[in-house]
Amino acid sequence: MEKVITIDGPAGVGKSTTAKGVAEALQWQYIDTGAMYRAMALAATQAGIDPSNGEEVLPVLERTDIELYPTLPVRIKLNGSEVTKEIRSAEVSEASSKISVHGFVRRKLVELQQELGRKQPSVLEGRDTGTVVFPNAGLKIFLDASVEERAARRLRDYRKAGKEIALEKIVEELRIRDQRDRTRKESPLVPADDAVILMTDGMSLCEQIDKVMMIVRERFGIGDHS
Ligand code: DC
C-alpha cells in the first residue's frame, strides 16, 4: 500500500493542524500543497500582475522556482529567497485561490508535489491531493465543516493573534473561496470516491487528530498515539 495519506477539504477546516499532527505522530514528511499555490500567488503579486489572468501568469510561472521543504516547521523558498511568513498574508490567501484555477499552474505544482511525495512516506494537505496528486494514496481523508463552524474557528485564531475581524466578514470570505475552489474547472475541491469523509462540526482539533489517527492505525496497522 502506498505510504501516502492525503488530507483535503475547504479553507478553515483545520487541515494544517490535523495533517501536521498526523505527520508528526508517524514521523512522515508533511507536504503543504497550499503553500506552493501561495508562493506562486506571491510571485504574481510581486510581479504586479492579476493572478486571475492566465496570459499574465504564464510568463511569471516560467521564471518561478518554488522549493518546499517537507519538514516541520514548513519552510518554502521562492526563487531562492525564503517566503515562509510572507505567503500567509490575507492578500496572498486571496491571490492563491485565484491563481489556482489555471491548469498550467496546477500541472507544474502537482509535478513538484508528486516528486516530493514519492521520496518518502508522506502526509499531503490540500484540495486535490487525493483526487489528482496521489490517486493511489493508502488513505484519503476529506475534512469538512459548516461555513459557520470554520468561521468561528478562524475568529478564535485571529483573536489569539490579537486581531479583531467581524464574524460576518470571515463567513463572506470563506463562502467566496469555497465557491471558487469547489466550482473551478481544473481539479475542483471534491472528495475522492474512496475518501473517508469526516464532518468536524463540534469537534476540537485534538479530537480531529485522534479520529484521523484511529483511521490511520486501522488502515496501516501503525502509529500508536495515546
Ligand atoms: O490551504 P491554503 O489555504 O493554504 O490554500 C491556498 C489556496 O490554494 C486555496 O484557496 C486553493 C489553493 N489550493 C489548491 O487549489 N489546491 C491545493 N492542493 C492546495 C491549495
Side-chain angles (χ1 to χ4, degrees), residues 4-20 22-23 29-45 51-52 54 57 61 64 66 68 70 72-76 78 83-117 122-135 137 140-145 147 150-151 153-154 157-158 170 172-192 195 200 205 208:
V4 169
I5 298 172
T6 59
I7 302 189
D8 291 311
V13 78
K15 291 187 299 294
S16 296
T17 313
T18 307
K20 283 178 193 164
V22 171
Q29 294 194 120
Y30 165 61
I31 302 177
D32 177 0
T33 64
M36 291 184 175
Y37 289 93
R38 285 171 178 271
M40 189 53 224
L42 182 63
T45 313
S52 306
V57 172
L61 179 80
T64 296
I66 292 171
L68 177 83
L72 281 168
V74 177
R75 286 181 54 216
I76 188 156
L78 173 62
V83 292
T84 306
K85 286 214 180 81
E86 289 86 331
I87 61 165
R88 300 293 163 195
S89 72
E91 188 192 7
V92 172
S93 294
E94 176 65 15
S96 62
S97 167
K98 289 182 179 163
I99 212 153
S100 65
V101 302
H102 306 300
F104 58 89
V105 170
R106 305 201 67 85
R107 281 189 287 281
K108 175 166 168 164
L109 299 186
V110 165
E111 220 171 89
L112 289 175
Q113 293 153 17
Q114 290 171 334
E115 220 173 89
L116 274 178
S122 302
V123 179
L124 284 98
E125 176 213 325
R127 304 290 189 288
D128 62 342
T129 64
T131 47
V132 176
V133 187
F134 280 98
K140 300 176 188 178
I141 303 280
F142 191 92
L143 295 177
D144 213 345
V147 72
R150 290 183 281 130
R153 292 180 190 175
R154 275 277 150 96
D157 290 345
Y158 280 126
I170 303 177
E172 189 50 31
E173 280 172 5
L174 283 176
R175 278 195 209 285
I176 293 170
R177 268 177 82 189
D178 277 2
Q179 170 77 5
R180 200 184 290 123
D181 292 350
R182 287 184 205 266
T183 58
R184 66 176 174 232
K185 272 217 306 283
E186 292 278 345
S187 317
L189 169 69
V190 282
T200 65
L205 285 169
Q208 237 169 263

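For this chain, numbers begin at 1 and follow the sequence in order. Start at 1 and go down the list; that is how both ligands and their atoms are numbered.
Applying the side chain to side chain contact (heavy atoms under 4.5 Å, CB included) test to V83 and every residue at least two apart in sequence or in another chain returns L42, I76, L78, E86, I87.
Counted by atom type alone, R153 and T17 present zero donor-acceptor pairs between their side chains at under 3.5 Å.
Salt bridge status for R88 with D32: present, with a side-chain N to carboxylate O gap under 4.0 Å.
Ligand 1 lies under 4.0 Å from heavy atoms of T33, G34, Y37, R38, S96, S97, S100, R106, G126, R127, D128, R177, D181, R184.
Pairs of residues two or more places apart, or lying in two chains, that qualify as side chain to side chain donor-acceptor pair (under 3.5 Å) and include a residue from residues 6-15 are D8-T129. Every pair passing salt bridge (charged side-chain N to carboxylate O under 4.0 Å, His left out) that includes a residue from residues 96-113 is listed here, sequence neighbours excluded: E94-K98, R106-D128.
Partner S100 forms a side-chain hydrogen bond (donor to acceptor under 3.5 Å, both in side chains) with one of R38, R184, R127 and no other, that one being R184.
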